[in-house]
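Below you'll find the structure, written out as structure tokens, and then a few comments.
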Number of protein chains: 2
Amino acid sequence: MPDHHSRPAEATARPHSHGDRRPEAVRAVRAMAAFATESEMYLAATGRDEALHRTDLNGLRVVMSSGDEPVTPRRLSQALQLSAPATSAMLDRLERLGHVERRPHPHDRRSVVVVATDHAHTVGASMFGRVGARMAPVLASRSAGELAVIAQFLEDAAVATGSARADIRTTS
Amino acid sequence: MPDHHSRPAEATARPHSHGDRRPEAVRAVRAMAAFATESEMYLAATGRDEALHRTDLNGLRVVMSSGDEPVTPRRLSQALQLSAPATSAMLDRLERLGHVERRPHPHDRRSVVVVATDHAHTVGASMFGRVGARMAPVLASRSAGELAVIAQFLEDAAVATGSARADIRTTS
DNA sequence: TCGAATAGTTCCACAGTCGAAAGAGTAGGA
DNA sequence: TCCTACTCTTTCGACTGTGGAACTATTCGA
């Protein structure tokens, strides 16, 4: 997605109302784009390192962050915006590599419950640990107050991005 | 990539030195993961909307944000971590859809220079405009001082993520 | 009880990636 | 100046991920 360097970005960053033209806002938007791009490239690189496709990594993320809530193929399909066959194929790959197990659903015999294995947790630890190590000084050098501002902003930005994605469906 | 909900994340967020265990830091890391995930999903959704693969969108981003520097297939290949044939195929797709043009390189006849068309700028404007509209109130509600803190943090976080990606190559 | 709907999997066609190879061009050293 | 090694891009072919259609098993409500 183009950042503020490109023509259309600057021309259309304020489609309905006047956008925020403060230089701090421009810099923040550019920084968000750069961070999003680096995150995507890190995902792709770790995927190559672990022989996992991007979809597989995202699937693991959903399974591993579901808490006590059982994860079914249906739920994964919705969370990842994948078709049913693609979700099945992804689970085939993760199962073959020993990252997940399909278990019978406790009260719906059409379905299965997907659980992550210890191997998956090891891989996740390695991935998160690597970026966590590099991120530690970035976090440590900020005060609690600054981190709270940053966190709140990113939460709001995530919601806004999700709304923009929903806008695509309603305008198509 | 697993966020803090998962076991390995918490267990390994401090691989060498003690990580930042302040609740504000935990919240910030989680917010970064959520924002990165939403950004990736927005990219995928707009890609589907415009019949453009994720690689194509990233390619356009590189072409459109290159300023005066000529973009060659070689440079695109490096920026996107794609093989030469994959870069060629991507340019084929973008050219066929009228988003880019391949022009003769001014002083290296082996190469070409890739330029974005007005059509590409229109698409970029639409994509950025949509998310820009949703992001506008998020930016407008922050002071210049807050935005400066946020931007600096995300720039540092992007560098840290890039370093983590480089770490993959050296430890593999 | 039965029919409609749901859940997941399989089959198959399409599309994106990369290794190998080929052709054209460049650069540097003898 | 010329030749060799290297570079750049594209093409070919094999592999892999996605999604539509179809199938099977199961669930649920009339």
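The sequence lines fix the lettering, A, B, ..., with proteins before strands; numbering per chain opens at 1.
Salt bridge annotation for D108(B)-R74(B): absent, with no cationic side-chain nitrogen under 4.0 angstrom from a carboxylate oxygen. Salt bridge status for R93(B) with D56(B): present, with a side-chain N to carboxylate O gap under 4.0 Å. Between R22(B) and E24(B) no salt bridge is recorded (no basic side-chain N to carboxylate O distance below 4.0 Å).
Distances shorter than 4.0 Å separate some side-chain N or O of S83(B) from OP1 or OP2 on dC18(C). Considering only side-chain N and O atoms, R74(A) lies under 4.0 angstrom from the phosphate OP1 or OP2 of dA7(C). The side chain of R109(B) places no N or O atom within less than 4.0 Å of a non-bridging phosphate oxygen (OP1 or OP2) of dA27(C).
Note on T55(A): only backbone sugar-phosphate atoms sit closer than 4.0 angstrom, heavy atoms only; bases stay farther off. Residue contacts shown for R102(B) are limited to sugar-phosphate atoms, with no base heavy atom under 4.0 Å away. Residue L91(A) is out of contact with every strand shown, counting any heavy-atom pair closer than 4.0 Å.
Across the protein-nucleic acid pair, L94(A) atom CG and dG17(D) atom P stand 10 Å apart, rounded to whole Å. Regarding R103(B), its CZ atom lies at a distance of 20 Å from the C1' atom of dC8(D), rounded to whole Å. Whole-Å rounding puts the N58(B) CG to dT17(C) P distance at 10 Å. Distance, R93(B) CZ to dC14(C) C1': 13 Å, rounded to whole Å. Summarising the geometry, the separation between CD on E95(B) and C1' on dT10(D) is reported as 12 Å, rounded to the nearest angstrom. Atom CZ of R54(B) is separated from atom C1' of dT17(C) by 14 Å (rounded to the nearest Å). In this structure, L80(A) atom CG and dG19(D) atom P are separated by 11 Å, rounded to whole Å. Atom CG of D56(B) is separated from atom C1' of dT17(C) by 12 Å (rounded to the nearest Å).
Comparing S88(A) and R110(A) along DNA chain C, the residue whose closest nucleotide (by nearest heavy atom) sits nearer the 5' end is R110(A).
For Y42(B) (side chain) and M127(B) (main-chain N/O), a donor-acceptor pair under 3.5 Å exists by modelled atom type.
Among the nucleotides dT17(C), dT26(C), dC11(C), the one closest to any side-chain atom of H53(B) is dT17(C). For D92(A), the listed nucleotide lying nearest its side chain is dT10(C); candidates were dT17(C), dT10(C), dT9(D). Taking every side-chain heavy atom of D108(A) into account, dT26(D) is the closest of dC8(D), dT26(D), dC11(C). Of the candidate nucleotides dT17(C), dG19(D), dT9(D), dG19(D) has the atom nearest to the side chain of P85(A).
For the pair V26(A)/R21(A), no side-chain contact is recorded, criterion being any heavy-atom separation below 4.5 Å from C-beta on.
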